[in-house]
Amino acid sequence: MLADTAAGPGPGPSGSFTLPAPVVSVVQPGRIFDEFPAPSYRGAQEQALADIRDAFAADNDVVLVRAPTGSGKSLLARAIAGCARTAGESEAGEPIDAYYTTPQVSQLDDVAGDDLLTDLKVIRGKNNYDCILPGETDTPVDQAPCARERMFDCQVQHRCPYFSDRAIAANNRIAAMTLAYFMQTAGSDVFGTRDVLVIDEAHGLGNWAEMYATIDLGPDTVPIWGACEPPDIGGLDDAVSYADTLHTMAGRRLTEVRQQAELAPEEAAERDKLVQLQSDLSWFAEDYRDEDSGTTWVVDQADGEGSRVTIKPMAPEKYLKHTVWDRASNFALLSATILNKDAFCANVGLAPDRVELVEVPHTFPVENRPLYDVTQGKMTYEAREETIPKVAETLVRIMAENPDEKGLVHCHSYAIQDQLQAHLREFGVDSRVRAHDSEDRDAQLSTWKRVDDPDVFLSVKMEEALDLEGDLCRWQLLCKAPYPNTRDSRVAARLEDDQWGWYYRTALRTVIQACGRPVRAPDDYGATYLADSSLLDLFERARVDMPDWFAEQVDRMSEPDLPAADTAAATGSSSGGASSRSPSSGSSANGSGDPSSGSSGAAASGSRSGSSSGGDGGGGTSRSGRRSRRSKSKSNPIADVWDTE
């Protein structure tokens, strides 16, 4: 699709790659309905397929599909992938078949487990598979004898789970993999150019390009860290000097490791890290010294001499060219939160005039997905000590309002999670609270989803790709506005360049993603409570980029009338607690709860989506038609920490 910048046009004025001439679409959009895998359509799926078909038929190379959470994007993705040409429909040497990829491992897991998507053949990284040789069955394939012993000839490679899955995916009509694996296979003979590439959850594509191009130097990524700790890095010249030194020392250690005829699993892992390290360092040093390179680099070292160094490029969209855009002829990018087409295109290196946006409406009733204003102040680093105790008390009140239903708390960072958990322990409600750390997050999440108890899960970075349909979650609390960390040099550089629109869109995108976790079907319901007053500021600042369906939720936001912070009620040990209600209970004809009915069950509670968000959350005063409470602060919101796992 995109021109090779080494042989033709380079980045355009906005950073996008210009096309040398119109490219005739060869995808077969006419069969998109036949390729839809479900027996019937749900919501707006049928119209979405028609719009996507027309967009490709109009000779667009890239189609952006903005589809709300829960609209069945994976099924749309399968239908699009099925439009790729087959061997019988193409000339010799022309690309055929399709890729499906997503940044989210959990999303790929959902695809692998979906009975309607069995013809998507999934391949994962080697570390996800165990060796089958005797005595090695607990060894990941990336540390198996074939990776440890020179000239090792595996007699059972044809049965190896990794190589078997890779062969099946490579020869299948639709190969499915994570975006990280897909990008790492650029240039591979196994996974070459195909006719169609479908990227689900594509809103994070720019962020993934940044992570792909970032060089992170620390004890966990540099095997020789103890022998070559960094000096105080005062700027990029210091960074490239350290990179040269580290590259030389890594090369010496790599030579030592490779001289061994057989490696232990730990040594094989060290070798692979050293190879990756040398590649990254060479690339950075060469690009930095290249006078013709348009890359601007920034460097972070928070704690000075001997501490972690992170080297990052600005405008990383050029790294998507060979890893993504050169890998197919046609592209479908799906997400609920591609908020601004032109900004998205600029961020990922696409020319907007060759890209069509297809808008899929939200078909879930707005009263089933209410927002509730329980803001207690700002959650910036400076204000957090004062605000978190109030948030904890509010959470106990929400738990008392919902004693029989599971809840999810988006803590934003582990620091907030730890402080919140400590306060909840003081309230005596910890018997109903679960949490996780960076090592056991998947296991703890799985346990919380599996058990029937109405536990409250304190999560970090689970705003995306989490399906909590039905009773898995009926309410959630957003602790903090998820602004990017302004202490990150790349974020700071963008703000110095006055890219505040990007800053607000990034936070809004995460909020919208989070709000979609508990409501996954038209008859599903679940409420979202907002604890940070900066979220209200965000809604005002980013209003222009809000999808209409989310703006409707914001406009109907109300303040619930929650019960007192009673430990017995919050833990379900009080017989006087509120009972679980259906989504329609207590809802009047106009969607507002009836305060005269009382607050003990006649009116819909804060987490019962049958109550319109124009009504109260359990007997309180309706705020329909009047402005939501807003923070009076006009200062720029300052972020806390953006953890990436």
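What's counted below: heavy atoms across the whole structure, side chains too, no hydrogens, waters or symmetry copies.
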Q: Tell me, with the steps shown, if His362 and Glu552 meet side-chain hydrogen bond (donor to acceptor under 3.5 Å, both in side chains).
A: CA-CA 11 Å; His362 209 314; Glu552 186 180 12; over 6 Å; no

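- Side chain of Arg432 to backbone of Met399: a donor-acceptor contact under 3.5 angstrom is found.
- Tyr529 and His410 have their aromatic ring centers separated by at least 6.0 angstrom.
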Q | From CA spacing to verdict: salt bridge (Lys or Arg N to Asp or Glu O under 4.0 Å), Lys73, Asp200 | A | CA-CA 7 Å; Lys73 288 191 294 296; Asp200 206 350; 5.1 Å; no

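- Of the possible polar contacts, none joining the Arg354 side chain to the Asn60 backbone as a donor-acceptor pair under 3.5 Å is found.
- By the 30° and 60° cut-offs, the orientation of the rings of Trp448 relative to Phe457 is parallel.
- Shown here is Asp497, whose CG atom has more than 12 heavy atoms of other residues, nucleotides or ligands within 6.0 Å.
- A distance-only check finds a donor-acceptor pair linking the side chain of Arg441 to the backbone of Lys461 [under 3.5 Å].
- A cation-pi arrangement is present between Arg487 and Tyr381 under the rule of less than 6.0 angstrom and at most 45 degrees off the ring axis.
- Comment: Arg474 engages Asp524 in a salt bridge, judged by a side-chain N to carboxylate O separation of less than 4.0 angstrom.
- Side chain of Arg517 to backbone of Leu466: a donor-acceptor contact under 3.5 angstrom is found.
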Q: For the pair Asp555 and Arg543, evaluate salt bridge (Lys or Arg N to Asp or Glu O under 4.0 Å) and give the outcome as yes or no after the intermediate values.
A: CA-CA 11 Å; Asp555 289 342; Arg543 179 73 187 209; 2.9 Å; yes

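- Within a 6.0 Å radius of CD in Glu386, no more than 12 heavy atoms belonging to other residues, nucleotides or ligands are found.
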Q: Show the numbers, then the answer: is there a side-chain hydrogen bond (donor to acceptor under 3.5 Å, both in side chains) between Glu463 and Thr510?
A: CA-CA 7 Å; Glu463 295 92 347; Thr510 303; over 6 Å; no

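- A salt bridge does not link Arg509 with Asp545: none of the charged nitrogens is closer than 4.0 Å to a carboxylate oxygen.
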